[in-house]
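First the proteins, then the strands, lettered A, B, ... as listed; each starts at 1. Predicted, not measured: the structure shown is a model, and the values here were computed from it.
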There are 2 protein chains.
Amino acid sequence: MARTQKSADDPRRRILDVAAAAFAASGFEGARVDQIAKRAAVNKAMLYYHVGDKDVLYETILLETIEDALARIAAATASSKTAEDRLRSTVATIADTARRHSHFAPLMLRELASGGATLPDRVMQRMRDVFQAVRDALEQGTRSGEFRAVDPVATHMFIAGSLLVLLAGGPIRRRIRQLTDVPKVSVADRSPADIASFVCDVVLEGLRPPAAPRALRRRTPLKKKN
Amino acid sequence: MARTQKSADDPRRRILDVAAAAFAASGFEGARVDQIAKRAAVNKAMLYYHVGDKDVLYETILLETIEDALARIAAATASSKTAEDRLRSTVATIADTARRHSHFAPLMLRELASGGATLPDRVMQRMRDVFQAVRDALEQGTRSGEFRAVDPVATHMFIAGSLLVLLAGGPIRRRIRQLTDVPKVSVADRSPADIASFVCDVVLEGLRPPAAPRALRRRTPLKKKN
DNA sequence: GTCTATATACCGATAGAC
DNA sequence: GTCTATCGGTATATAGAC
């Protein structure tokens with residue numbers, strides 16, 4: 001059918017998916033190659049044959065995700081006119097990347113915690129490009145007067161931090177909920193798209209220039225769809 | 001001088017401090033007991049004698065930090081009148097806890113990434129109390145009309161996420177800066193107190209009820225002190 | 001209380017048969 | 001391409017001498 005297999009039948013694809021989940025759950029050092037091979041239903045020697053050693057495995061997963069995010073950000077923001085549109089598209093695309101690659105947010109949180117200790121240089125360079133995409137939108141808004149003068153680095157970390165923690169916080173929130181009562185429904189339990197909207201709403205409120213009347217700024221309504 | 005040693009001469013104290021740094025840098029699985037003992041200048045057998053095994057070590061560090069945070073939050077918010085004061089005090093105290101225990105933010109980020117997989121139940125219960133402190137301030141503001149109706153869970157994760165990532169993001173920001181030019185100064189490079197103010201400013205902007213005139217909301221000025 | 005030596009287990013990686 | 005068997009290294013934890 002095809003020269004290169006991309007479906008779930010492809011052993012390499014299965015290995016990468018299983019490994020991504022393992023790295024997300026246990027970190028680079030905590031993930032076990034034996035366990036990854038077992039869960040991917042391949043012999044350990046085949047894992048090394050098809051992908052490479054543990055470092056290559058990790059780097060491949062991160063690069064794959066980040067390249068996907070960058071391509072989608074470029075596509076999504078190509079037609080953006082205003083800075084607000086550009087910022088919303090960029091953040092929504094990052095959130096959607098986290099939805100399509102469920103390991104993305106945990107891996108990024110771990111890299112933040114370690115200061116990027118296990119990040120290969122090539123991955124670090126592409127991550128910087130993702131960061132730059134957010135800052136570009138912020139700086140465009142500041143230049144055009146759409147946003148008030150803003151600290152682009154701090155604002156970017158603000159967006160990235162709240163987004164990543166909201167996206168990755170599901171499991172720990174559920175564990176806490178078991179200890180408490182609180183069966184409440186929260187935006188935090190909704191889809192990545194709704195979470196992205198929530199983050200953008202709050203941040204854009206803070207970015208609004210002093211002169212602009214409040215009523216002109218729309219607030220994204222939450223849709224029922226997951 | 002004292003019955004229980006608390007200074008840096010206390011081997012137990014040294015072990016806990018070194019271990020905290022190791023867990024923050026490499027995670028629970030990645031941290032090495034041998035290395036912790038070596039850096040704390042104690043024999044490995046003494047580490048087990050004075051503290052216990054790796055699990056006890058980890059739980060002790062987390063509990064110590066969280067109990068400290070809870071006690072300080074209670075003290076700081078005791079005299080709070082308005083919800084804004086209460087929220088600012090709580091967030092500032094959490095940030096100050098992160099300053100005094102530099103391992104705090106990385107450890108929390110790792111636990112978020114793993115969904116609390118390595119979190120002992122006792123630690124989880126106390127963490128819930130920290131979360132509750134933030135939500136209490138938010139709900140007080142909503143009840144009194146000081147804040148607009150707000151999603152307390154999502155808003156809390158929003159605050160916690162941006163705060164933790166801003167606090168823990170220093171090293172990775174420096175590594176990215178080596179790849180780029182951008183020698184700019186950012187709020188993100190300032191003290192935990194300034195970072196806490198920044199987060200509160202943005203969030204309070206989003207919490208302001210529709211009717212309140214914008215000029216009435218103060219924005220905390222950044223102080224030079226670290 | 002302190003240290004050496006070691007038990008026990010496991011992990012990443014590969015050699016080599018098929 | 002696939003698998004078994006295993007090497008070499010290292011991890012946590014403790015026993016036991018002092």
*Give every residue pair that meets the side chain to side chain donor-acceptor pair (under 3.5 Å) criterion with at least one member in residues 68-78 of chain A, sequence neighbours excluded.*
A/Asp68-A/Arg72, A/Asp68-A/Arg100, A/Asp68-A/His101
*asked:* Would B/Asp201 and B/Arg88 count as a salt bridge (charged side-chain N to carboxylate O under 4.0 Å, His left out) here? Give the steps.
replied: CA-CA 9 Å; B/Asp201 287 342; B/Arg88 284 189 181 273; 2.9 Å; yes
*asked:* Give me each pair satisfying ring pair (Phe, Tyr, Trp, His ring centres under 6.0 Å) with a member in residues 106-131 of chain B, each pair once, sequence neighbours excluded.
replied: B/Phe131-B/His156
*Along DNA chain C, 5' to 3', what are the outermost nucleotides having an atom less than 4.0 Å from a heavy atom of chain B?*
C/dG1 to C/dT4
Do any N or O atoms of the protein come closer than 3.5 Å to N or O atoms of nucleotides 4-8 of chain D, and which pairs are they?
{"unit_1": "D/dT4", "atom_1": "OP2", "unit_2": "A/Asn43", "atom_2": "ND2", "d": "3.4"}

*With A/Ala22, which residues qualify under side-chain contact (heavy atoms from CB on, under 4.5 Å), at least two apart?*
A/Ala31, A/Ile36
_Between A/Ser26 and B/Glu29, is there a side-chain donor-acceptor contact under 3.5 Å, judged purely by atom types and distance?_
no
_Enclosure of B/Arg39 CZ (heavy-atom neighbours >12, cutoff 6.0 Å)_ = no
_Can you list, in residue-number order, the parts of residues 15-35 of chain A that come under 4.0 Å of DNA chain D, counting heavy atoms only?_
none
*Exercise: identify the closest heavy-atom pair between A/Ala20 and A/Ile61*: N-CD1, 3.5 Å
*Find the distance B/Met46:CE to D/dA13:P and express it as a whole number of Å.*
17 Å
*asked:* Assess, by modelled atom type and distance only, whether the side chains of A/Gln140 and A/Asp136 contain a donor and an acceptor separated by less than 3.5 Å.
replied: no
